[in-house]
Amino acid sequence: MRYALRLSYDGTDFAGWWRQSDARSVAAELDAACARIGEPTAAAVGTSRTDAGVHARGQVAHVDLTRTRTPTQLHAALNTHLPDDVVCRAVAPVAGDWHAVHDARSKTYGYRIDNAAVAEPFTRRQCWRPQYRLTLDALRDAATGIVGCRDWCGFARRGDAREDLVRTITAVDWSAHDDELRCSVSGDGFVYRLVRSLVGAMVAVAHGGCARAELDAALAGADSPAGRQQAPAHGLCLEAVHYDPQPAWWPENAGAFTPND
């Protein structure tokens, strides 16, 4: 029986989602939890292979189990055996051909910046603290022109072997929450580290480290200083994966993405 899982995790102590022989990963922890409930062959397939240090509030994965369980039973069993920095927020039985990656329609990532006059120690694991203070208007100005379908080769990173870098970014929104500045980025797909690259570029333009023309050049596919910027991993969080239709999650709407919450 195949089940979809909605997961949240603090990525600080993980080498990323994907299994690694010499480092701790989210997928391996989920596999281990499945083994502890009598499913040693389960191998979780995650929608996003988040990098080391990247967090998630709405990662989605699927697992194939040999025994049929109610969503209530599986939800409770997994959370009993998962470590403290990973939680299964919701469970949904799905058809055997449903796929967490291939059936995803879009994703939303969030990025958080500590913009307070004095650094906030309680959010240092989830927020980037640049050396300079930023303004919301400058970040919003820098975001103009990013939305759209294009070849993102101007932001390509070493390690991304994919030849097709055409993706559609549907929304880039900056907002202020007390002393935090938050960026929400949605799209039908993302090339390697694209959100971190875009945030880094917008921040560089907003504080004057890069010219607006350099960001425009990167968006047009040229090699540019703006296209080589990259925000740190720990400010990034996978907020939601969107499906049409959505799986029949239990508990209903548990941990579901709400913009700017």
Side-chain angles (χ1 to χ4, degrees), residues 11 48 50-55 107-120 123-239 260:
S48 177
T50 51
D51 286 338
V54 175
H55 315 291
K107 302 173 191 174
T108 297
Y109 285 88
Y111 199 94
R112 296 169 61 186
I113 292 176
D114 175 6
N115 201 47
V118 177
E120 174 55 74
T123 60
R124 62 185 176 84
R125 288 158 65 106
Q126 294 86 29
C127 293
W128 176 24
R129 171 76 180 179
Q131 296 179 342
Y132 32 77
R133 307 284 63 77
L134 299 158
T135 68
L136 182 60
D137 286 346
L139 289 167
R140 285 175 168 170
D141 285 345
T144 59
I146 291 177
V147 168
C149 179
R150 61 171 52 82
D151 186 326
W152 295 93
C153 58
F155 296 87
R157 292 283 176 246
R158 187 176 300 174
D160 191 345
R162 291 171 290 189
E163 294 183 1
D164 180 9
L165 300 181
V166 176
R167 304 288 189 278
T168 300
I169 301 299
T170 55
V172 179
D173 298 304
W174 283 95
S175 56
H177 300 259
D178 297 325
D179 289 326
E180 281 188 27
L181 297 169
R182 299 183 188 178
C183 186
S184 177
V185 182
S186 297
D188 65 1
F190 296 88
V191 301
Y192 186 49
R193 297 186 177 178
L194 179 58
V195 177
R196 290 169 58 190
S197 299
L198 289 173
V199 170
M202 287 185 282
V203 167
V205 171
H207 83 84
C210 286
R212 174 71 216 197
E214 292 173 321
L215 175 54
D216 291 338
L219 292 170
D223 182 21
S224 161
R228 295 192 290 270
Q229 304 299 313
Q230 187 164 268
H234 67 275
L236 183 63
C237 182
L238 173 60
E239 296 286 354
N260 299 327

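Everything quoted here is computed from the prediction, not taken from an experiment.
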Applying side-chain hydrogen bond (donor to acceptor under 3.5 Å, both in side chains), can you list everything that pairs with Glu180, at least two apart in sequence or on another chain?
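Residues passing side-chain hydrogen bond (donor to acceptor under 3.5 Å, both in side chains) with Glu180: Arg112, Arg182.
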Can you find a heavy atom in the side chain of [X] that is under 4.5 Å from one in the side chain of [Y]?
{"X": "Lys107", "Y": "Ser48", "result": "yes"}
{"X": "Val199", "Y": "Leu236", "result": "no"}
{"X": "Asp188", "Y": "Thr170", "result": "no"}

Which pairs, with at least one residue in residues 229-238 and sequence neighbours excluded, count as a salt bridge (charged side-chain N to carboxylate O under 4.0 Å, His left out)?
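Salt bridge (charged side-chain N to carboxylate O under 4.0 Å, His left out) check on residues 229-238 returns no pairs.
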Summary of salt bridge (charged side-chain N to carboxylate O under 4.0 Å, His left out) pairs that have at least one residue in residues 194-208, sequence neighbours excluded:
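Non-adjacent pairs meeting salt bridge (charged side-chain N to carboxylate O under 4.0 Å, His left out): Asp51-Arg196.
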Which atoms form the tightest heavy-atom contact between [X] and [Y], and what is the distance?
{"X": "Pro130", "Y": "Trp128", "answer": "CD-O, 3.3 Å"}
{"X": "Phe155", "Y": "Leu215", "answer": "CZ-CD1, 4.0 Å"}
{"X": "Val172", "Y": "Val147", "answer": "N-CG2, 3.8 Å"}
{"X": "Gly189", "Y": "Ile169", "answer": "O-CD1, 4.3 Å"}

Tell me every residue that passes side chain to side chain contact (heavy atoms under 4.5 Å, CB included) with Asp179, counting only those two or more places apart in sequence or in another chain.
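Asp179 satisfies side chain to side chain contact (heavy atoms under 4.5 Å, CB included) with Ala116 only.
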Straight-line distance of Tyr109 OH to Ser184 OG, nearest 0.5 Å
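Nearest 0.5 Å value for the OH-OG distance: 12.0 Å.
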When rounded to the nearest 0.5 angstrom, what is the spacing between CG in Leu181 and CG in Asn115?
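The CG atom of Leu181 sits 4.0 Å away from the CG atom of Asn115.
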Kindly state each residue pair satisfying side-chain hydrogen bond (donor to acceptor under 3.5 Å, both in side chains) with at least one member in residues 146-155, sequence neighbours excluded.
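Every pair satisfying side-chain hydrogen bond (donor to acceptor under 3.5 Å, both in side chains) with a residue in residues 146-155: there are none.
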Pairs of donor and acceptor atoms involving the side chains of residues 200-212, under 3.5 Å and at least two apart or interchain, shall be tabulated with distances.
residue : atom : partner : partner atom : Å
His207  : NE2  : Tyr132  : OH           : 3.2
Arg212  : NE   : Asp216  : OD1          : 3.0
Arg212  : NH1  : Asp141  : O            : 3.1
Arg212  : NH1  : Ala142  : O            : 2.9
Arg212  : NH1  : Thr144  : O            : 3.2
Arg212  : NH1  : Thr144  : OG1          : 3.4
Arg212  : NH2  : Thr144  : O            : 2.6
Arg212  : NH2  : Asp216  : OD1          : 2.9

Show the atom names and distances, to 0.1 Å, of all donor-acceptor pairs under 3.5 Å that link a side chain in residues 217-227 to residues at least two apart or in another chain.
residue : atom : partner : partner atom : Å
Asp223  : OD1  : Arg228  : NH1          : 2.7
Asp223  : OD2  : Arg228  : NH1          : 3.4
Ser224  : OG   : Glu214  : O            : 2.6
Ser224  : OG   : Ala226  : N            : 3.2

Taking only residues two or more places apart in sequence or in another chain, which ones pass salt bridge (charged side-chain N to carboxylate O under 4.0 Å, His left out) with Arg129?
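By the salt bridge (charged side-chain N to carboxylate O under 4.0 Å, His left out) rule, Arg129 matches Asp114.
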Suppose we screen for ring-ring contact (aromatic ring centres under 6.0 Å, His included). Which residues come up paired with Tyr111, at least two apart in sequence or across chains?
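Listed in chain order: nothing, the list is empty.
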Is His55 reaching over with its side chain to a backbone N or O of Gly11, donor-acceptor style, under 3.5 angstrom?
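Pair found, side chain donor or acceptor close to backbone of Gly11.
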